[in-house]
Amino acid sequence: MQTNYLERYFISGSQDLPGHTLTQYIAQVERIMAAGITAYQFREKTGGLTQAASRLALAQTLKEMARHYHIPFFVDDDVALALAVGADGIHVGQTDMPITEVIASVPAEMLIGLSVRTVSEMRAAQQYTRIDYLGVGPVYPTITKKDAAMAQGISGLQAILAVNEQHFPVVAIGGITLAQLATLKATGVQGVAFVSMALQADQPVSLMQEMEQIWHDDNA
């Protein structure tokens, strides 16, 4: 698969839309999918659904929705759930299931993403050939991930990218806003991952159109 699925990579779980019903959350995710994201990651964390059956049902609903909009569907930090719903990909962090176990547990066609927060973690990732992309960040401060590491800033991102000797595709993550998009593109990353920017958008279609325009502007 080409790496353009990383361009507008939307991540969320029901906990990211507090005060809303599950039905309202699903409707909002569908609005965002229809608006033009290029990938969706189901990240159901603390504060979201705690029952395994409920998580499975929601993941199945969102996966089918992603299929409808021809969007790759990823599951965060839950190999069993990814396998159960037939996800297109699995994404894990440094403190989740070890990447070696993930690689051994999923079929060859399932995409694998790994979070990288530091130069040393990027160096360690170079030994694996069965990784499809790396999520690097947080670049900017974020409130949607309670256990997020300290923000790296653009200079920190560039330092991490400098040791990506295997040239793994990279999606930047953490506190991303529209105003930062051109700067992030200039670092050479393949895309950006975001939560709040999409969920809080009054007009998701306009947001995605503007993101696409900035990303493909040769002068950006």
Side-chain angles (χ1 to χ4, degrees), residues 1-45 47-49 54-78 81-82 84-91 109-111 113 132-133 135 137 142-145 169 171-182 184-185 189-217 220:
M1 180 182 288
Q2 296 181 345
T3 59
N4 57 4
Y5 68 90
L6 298 175
E7 284 186 16
R8 296 180 299 281
Y9 189 134
F10 175 51
I11 301 171
S12 75
S14 63
Q15 74 281 345
D16 296 315
L17 209 60
H20 292 70
T21 66
L22 201 56
T23 299
Q24 290 172 324
Y25 170 71
I26 292 170
Q28 180 67 348
V29 171
E30 182 166 21
R31 285 184 67 210
I32 295 166
M33 285 186 180
I37 60 171
T38 55
Y40 172 69
Q41 182 188 127
F42 178 63
R43 187 173 73 185
E44 193 72 10
K45 292 293 190 181
L49 300 177
S54 299
R55 287 163 57 88
L56 176 60
L58 178 58
Q60 189 67 46
T61 295
L62 295 176
K63 188 213 76 171
E64 291 172 1
M65 192 181 295
R67 286 279 192 279
H68 176 74
Y69 291 104
H70 308 290
I71 298 165
F73 179 85
F74 290 82
V75 170
D76 174 71
D77 182 28
D78 194 332
L81 180 61
V85 300
D88 298 296
I90 177 76
H91 185 96
E109 65 271 15
M110 186 175 286
L111 298 168
D132 294 283
Y133 74 92
T142 176
I143 61 171
T144 57
K145 197 170 188 293
V171 58
I173 187 171
I176 307 296
T177 66
L178 197 61
Q180 301 151 347
L181 209 57
L184 288 165
K185 180 196 171 188
V189 298
Q190 278 63 54
V192 294
F194 48 89
V195 181
S196 301
M197 179 168 60
L199 286 174
Q200 296 172 4
D202 292 329
Q203 299 293 333
V205 171
S206 297
L207 172 65
M208 298 306 153
Q209 288 175 341
E210 193 163 358
M211 288 183 73
E212 184 175 17
Q213 182 176 1
I214 293 171
W215 203 259
H216 293 280
D217 182 355

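All values below were derived from every heavy atom in this structure, side-chain atoms included, with hydrogens, water molecules and symmetry-related copies excluded.
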So, do K45 and D76 sit near enough that their side-chain heavy atoms are less than 4.5 Å apart?
yes
Hey, is the main chain of V85 close enough, under 3.5 Å, to the side chain of K63 for a donor-acceptor pair?
yes
Say you draw a straight line from CD1 of I71 to CD1 of I32; how long is it, rounded to the nearest 0.5 Å?
10.5 Å
Any heavy-atom pair between the side chains of V171 and V189 that's under 4.5 Å?
no
Has the side chain of Q15 got a donor or acceptor atom that lies under 3.5 Å from a matching backbone atom of E44?
no
For Q60 and E64, which I'm curious about, is there any donor-acceptor pair between the side chains at under 3.5 Å?
yes
Check: R8 side chain, G36 main-chain N or O, donor-acceptor pair, under 3.5 Å:
yes
If you measure from CD on E212 to CD1 on I37, what distance do you get to the nearest 0.5 Å?
13.0 Å
Any heavy-atom pair between the side chains of W215 and N4 that's under 4.5 Å?
no
Can you confirm whether E30 sits close enough to Y69 that some side-chain heavy atom of one is under 4.5 Å from a side-chain heavy atom of the other?
yes
L56 and A84 have their tightest heavy-atom pair at CD1-CB, 4.0 Å
Is L207 close to L178 at the side-chain level, that is, under 4.5 Å between some pair of heavy atoms?
yes
Without swapping roles, check the side chain of D88 against the backbone of F73 for a donor-acceptor pair under 3.5 Å.
yes
Counting only N and O atoms by type, is there a donor-acceptor contact under 3.5 Å from the side chain of K185 to the main-chain atoms of D217?
yes
From L17 CG over to I26 CD1, what is the distance, rounded to the nearest 0.5 angstrom?
11.5 Å
Can you find a heavy atom in the side chain of M110 that is under 4.5 Å from one in the side chain of I90?
yes
Run the salt-bridge test on R55 and D78 with the 4.0 Å N-O cut-off and return the result as yes or no.
yes
So which heavy atom on I173 is nearest to which on G135, and how close?
CG2-C, 4.5 Å
Without swapping roles, check the side chain of Q200 against the backbone of M197 for a donor-acceptor pair under 3.5 Å.
no
Which is it for M211 and L181 under the side-chain contact (heavy atoms from CB on, under 4.5 Å) test, yes or no, and what are the steps along the way?
CA-CA 7 Å; M211 288 183 73; L181 209 57; 3.9 Å; yes
Do Q41 and F10 touch side chain to side chain, with heavy atoms closer than 4.5 Å?
no
Y40 side-chain N/O to M65 backbone N/O, donor-acceptor pair under 3.5 Å:
no
State whether a side-chain donor-acceptor pair under 3.5 Å links Q190 with Y133.
no
Evaluate the ring planes of Y5 and F74, with Trp represented by its six-membered ring, and classify them as parallel (under 30°), tilted (30 to 60°) or perpendicular (over 60°).
parallel
If we only count heavy atoms from C-beta on, is the Q28 to H20 side-chain gap below 4.5 Å?
no
Could you tell me the separation between the CZ atom of F42 and the OG1 atom of T61, rounded to the nearest 0.5 Å?
9.5 Å
